[in-house]
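Step one of this worksheet: look at the structure below.
In each ligand, atom 1 is the first atom listed, and ligand 1 is the first ligand listed.
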Amino acid sequence: MTDQSAIPPLRVGLTAPRVPPPNILVIFGATGDLTRRKLVPALFDLFCENRLPAQFCVVGFARREQSDDAFRADLRASVQQFARAKPDSASDRWEKFAQMICYHQAEFDSADGYARLAQRLNELDAARGTQGNRLFYLATAPEYYALIAERLGAANLAELGGAWERLIVEKPFGSDLTSACELNRQLRAVFDEAQIYRIDHYLGKETVQNIFAFRFANTILEPLWNRNYVDHAQITAAETVGVENRGGYYDGAGALRDMVQSHLLQLVALTAMEAPVSFDATAVHDEKVKVLRAICPLCDHDVDDVVARGQYAAGQGMIAYRDEPRVAKDSNTETYVVLKLVIENWRWAGVPFYLRTGKRLPKRATQIRIQFKPVPHPLFSRDVVSGIEPNVIALRIQPDEGIYWEFAAKRPGQAIQLSNVRMDFGYATSFGAAPGEAYETLLLDAMRGDSTLFNRNDAVEVAWSLVTPILERWAQLPPPEFPNYAAGAWGPVAADRMIARDGRVWQAP
Ligand code: BG6
């Protein structure tokens, strides 16, 4: 029996979530980075924690010729590197997991490849008891998404029979509003909306899900969470990494598409949305879309007042963006972007949301910082309150996951002197463990048929409708003066200037 006293108090009584029904997961793009770095390590961790169904298997679909054994050996090396659990020789857990994996070689456009796939899936159903349930995961380059969906349809693999078929679509979902709408149309010509699971892995992060709990399971916040008390919000997603080995994709995308259209706007939506009537997919999606629609279109402003961009130069021993592999030497792609959003509804009118994200910044930190207004009447003399900042609630999305509240307190002693102090909640200390991997949650949710943490078609389109006017405006401007910040620095001066124009400053996350 477990020694209950050894368990951190807040973990006592936690129940394991329901194991999903039997199914086969088919990963398109099975030899790619996402499969190796995220998907298969997440599956192995789930397997080691008994959270996968016993009747389950993974079919890797890709163009390269190789045997099942060669595919498994390659995945073993990635699991060794990226999973929490390791395929150690002391146990046979890797061998058991590897038996669930097989490889299917075919071109993405080959009708014969899908016919063979259909046959193989039927054989696996018979041999493994997976009951005809299929989860198709598009982890290829995005230009293949529509083609694969169409071929799945043509091979009768998308039809709702007695079992279920679902399609997970990785980001990027389109590259602007027109292409996103077109992709939605193409996918929905084959799959029902209810079968389509558009991933934004930020939604699978424990701390992002906790925004729902923090806001809607506590009464004391609601009276404060609005324009009467909040001065502004700062949302930062800072990365220390550069483009790593993704220059080929990133140079055609840039920070606005890569981070803002997806992850940052999702953080805005969860921070600013109204309470849904229930925690089910439709109710949550409705509220998210409603608040995203309330964001004042950026084209209504002079774009240069509300958006600025940057690209990193060499610095602190790191190379410049333009010297990264598979990046054009004269690239004008932004690796940093800052913007100011205004949400035009009763709750938020007049409260700016400042967003910034960049690569090669001094620190890896994603944080939502709600900055409250100063007290209405200063009770204490100026020297007593000097250095005292108004209240802050900061949600540390990652790392050091947690939430703190900053407030003023009297310092010990005869004289009245105030200091800012913090009440701090940390996942690791309260729950005795760091939050799990986003992909584990999202894979299990898709297997269970819960799309709450995925994006509905209208959410993706409204996010693109906010970002596309900026892309169009940038395309008309003369080339920016890039590079404009050194690797290892906090972005271009334009980012500080933008917020300073409103009499505010960025706070370090
Ligand atoms: C991805 C982007 O969606 O998110 C990457 O394409 C970025 O460029 C990554 O590095 C950040 O994710 P995380 O989970 O490391 O914050």
Side-chain angles (χ1 to χ4, degrees), residues 29 32-39 41-42 45 81-84 137-142 145 168-175 180 197-211 235-268 270 309-312 318 321 324-327 331 333-337 355-368 395-401 427 434-443 453-455 460 463-464 467 487 491 509:
D33 238 30
L34 183 74
T35 307
R36 292 179 45 255
R37 293 168 80 101
K38 295 288 185 190
L39 302 183
D45 282 326
Q81 194 178 350
F82 298 111
R84 285 192 306 281
Y137 199 123
L138 302 185
T140 60
Y145 294 172
I168 303 187
V169 191
E170 253 303 325
K171 73 175 271 278
F173 195 97
S175 56
Y197 289 66
R198 297 171 193 79
I199 280 223
D200 181 320
H201 79 276
Y202 264 52
L203 294 173
K205 289 182 191 278
E206 200 71 61
T207 44
V208 174
Q209 294 174 61
N210 189 48
I211 302 172
I235 302 185
T236 301
E239 298 187 274
T240 50
V241 291
V243 283
E244 301 177 286
N245 53 357
R246 300 165 67 230
Y249 148 74
Y250 193 90
D251 208 33
L256 188 65
R257 289 186 172 97
D258 185 50
M259 291 292 288
V260 176
Q261 184 276 339
S262 48
H263 311 322
L264 267 72
L265 285 177
Q266 290 301 316
L267 295 183
V268 172
L270 298 188
R309 56 190 157 151
Q311 185 193 81
Y312 61 84
M318 293 173 280
Y321 174 71
E324 298 277 11
R326 290 182 292 143
V327 166
S331 171
T333 298
E334 79 286 356
T335 58
Y336 182 102
V337 62
L355 275 50
R356 61 177 171 167
T357 181
K359 297 208 182 275
R360 287 282 187 237
L361 301 186
K363 185 177 175 189
R364 174 174 175 260
T366 301
Q367 188 182 93
I368 300 169
L395 285 75
R396 290 191 305 266
I397 303 297
Q398 64 187 24
D400 188 19
E401 290 79 2
Y427 271 84
E437 255 291 313
Y439 278 97
E440 294 171 30
T441 304
L442 295 174
L443 283 164
L453 300 177
F454 293 80
N455 270 323
V460 173
W464 276 118
V467 159

Please list, in number order, the atoms of ligand 1 under 4.0 Å from a heavy atom of [X].
X: K359; answer: 5 (C), 7 (C), 8 (O), 10 (O)
X: H201; answer: 1 (C), 3 (O), 4 (O), 12 (O), 13 (P), 14 (O)
X: K205; answer: 13 (P), 14 (O), 16 (O)
X: E239; answer: 7 (C), 10 (O), 11 (C)
X: K171; answer: 1 (C), 2 (C), 3 (O), 6 (O)
X: H263; answer: 1 (C), 3 (O), 4 (O)
X: Q398; answer: 13 (P), 16 (O)

Geometric class of the Y202/H263 ring pair [parallel <30°, tilted 30-60°, perpendicular >60°]: parallel
Going by the angle between their ring planes, with limits at 30° and 60°, are Y321 and Y250 parallel, tilted or perpendicular?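 Rings of Y321 and Y250: perpendicular, over 60°.
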Could you say whether the N/O atoms of Y249 and ligand 1 ever approach to under 3.5 Å?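 Between Y249 and ligand 1 (N or O atoms, distance only) the closest approach is not under 3.5 Å.
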Under a heavy-atom criterion of less than 4.0 Å, does E244 contact ligand 1? no
Do any heavy atoms of D258 fall under 4.0 Å from ligand 1?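 Yes, that is the case, since the closest heavy atom of the residue is under 4.0 Å from the ligand.
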Please tell me if the side chains of V268 and I235 come closer than 4.5 Å, counting only heavy atoms from C-beta onward.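 V268 reaches I235 side chain to side chain.
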Quick one: look up the protein heavy atom nearest atom 5 (C) of ligand 1 and list residue, atom name and how far away it is. R246 NH1, 3.3 Å
Rounded to the nearest 0.5 angstrom, the CZ-CD distance for R360 and E324 is 6.0 Å
T240-R364 side chain donor-acceptor pair, cut-off 3.5 Å: no
Is it true that the side chains of Q266 and N455 contain a donor and an acceptor less than 3.5 Å apart? yes
Any donor-acceptor N/O pair, S262 side chain to D200 backbone, under 3.5 Å: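 No.
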Test log, rule side-chain hydrogen bond (donor to acceptor under 3.5 Å, both in side chains), inputs D258 and Y249: CA-CA 10 Å; D258 185 50; Y249 148 74; 2.6 Å; yes
